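Structure first, then comments.
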Protein chains: 2
Amino acid sequence: MSEARIELLRGTLDLLILKVVALGPSHGYAIAQRLQQISKDFFQVHQGSLYPALHRLEDRDWLQAEWKESETGREAKFYSLTKKGRRHMEAEVVNWGRLVDAVGLVLRAPAKES
Amino acid sequence: MSEARIELLRGTLDLLILKVVALGPSHGYAIAQRLQQISKDFFQVHQGSLYPALHRLEDRDWLQAEWKESETGREAKFYSLTKKGRRHMEAEVVNWGRLVDAVGLVLRAPAKES
DNA sequence: GCATATATGTCGGGTTTCTAGGCATTATCA
DNA sequence: TGATAATGCCTAGAAACCCGACATATATGC
């Protein structure tokens with residue numbers, strides 16, 4: 001009923017994460033925070049989505065992980081982009097643009113002639 | 001490797017269908033064709049996605065169906081927007097715009113200061 | 001008679017996300 | 001000191017949605 005929750009569009013999260021990591025290596029918790037800040041609170045990534053996504057991206061060799069000390073002096077898993085990941089990200093950015101264009105065509109389609 | 005298939009972004013299909021139907025009542029097969037034409041072949045809606053989506057939209061009272069004779073002289077199920085469906089569609093269009101803006105913020109985010 | 005286009009539908013499988021937890025450490029504040 | 005919040009990682013189960021494959025039927029044209 002209420003459905004007031006902002007649900008992430010499926011398939012978008014991977015790209016967003018890759019892009020945030022491309023800004024500089026970061027760990028999961030910080031990635032989620034950055035994503036929320038940059039998007040002005042639009043994206044609120046839940047942990048149940050975040051960590052599976054990170055593992056997925058690592059499995060596909062788009063991210064690589066390394067345990068290091070975080071800003072707060074605690075151990076955290078820092079992710080960085082692989083070459084493959086950067087290529088994939090760039091391709092996905094292009095693809096996203098095409099998708100937005102295509103949706104735009106539909107949304108702006110004029111009413112049919114009778 | 002190749003994975004060249006263009007997969008529809010999950011959650012977009014409903015909006016696209018509602019928008020196409022808003023252009024004028026139509027049946028499933030024609031909706032898929034229009035979607036493909038309008039989007040310049042970007043969207044190719046498969047039957048396994050199309051018909052479940054139509055039933056879903058009807059269940060939610062966003063579309064209503066009526067059997068009529070199609071252009072080719074055959075019986076076809078014509079869908080039209082309900083008032084509820086139109087309201088939902090308009091809200092989803094706004095939401096889509098916000099989503100695109102938010103993704104845009106992330107994709108255009110400048111590299112961090114060190 | 002047969003292929004193709006039109007037209008609707010189902011089924012199973014795969015992917016992704018959410019909810020809802022669990023666990024551990026450090027910082028803050030009463 | 002003790003409680004609570006913030007930081008940081010993780011998993012399991014369920015739901016939603018899309019795809020590929022398949023099944024069915026009629027109309028048209030060769």
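Naming: A, B, ... by sequence-line order, numbering from 1 per chain. As the structure is a computational prediction, the values presented were derived from the model and not from experiment.
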Heavy atoms under 4.0 Å, any strand shown: does [X] hit a base, just sugar-phosphate, or nothing?
X       : result
B:Ser49 : base
B:Gly73 : nothing
A:Leu13 : sugar-phosphate
A:Gln33 : sugar-phosphate
B:Gly28 : sugar-phosphate

Measuring from atom CD of A:Glu92 to atom CZ of A:Arg98, what distance do you get when rounded to the nearest 0.5 angstrom?
10.0 Å
From the list [options], which nucleotide is the closest neighbour of the side chain of [X]?
X       : options                : answer
A:Pro52 : C:dT16, C:dG14, D:dT11 : D:dT11
B:Gln47 : D:dC22, D:dT11, C:dT25 : D:dC22
B:Tyr51 : C:dT19, C:dT8, D:dT11  : C:dT8
B:Tyr29 : D:dT11, D:dG8, C:dA7   : C:dA7

Check: B:Arg10 side chain, C:dT15 base, donor-acceptor under 3.5 Å
yes
In B:Ile31, B:Asp14, B:Asp59, the residue satisfying side-chain contact (heavy atoms from CB on, under 4.5 Å) with B:Leu54 is B:Ile31
N/O donor-acceptor pair under 3.5 Å between B:Thr82 side chain and B:Asp61 backbone
yes
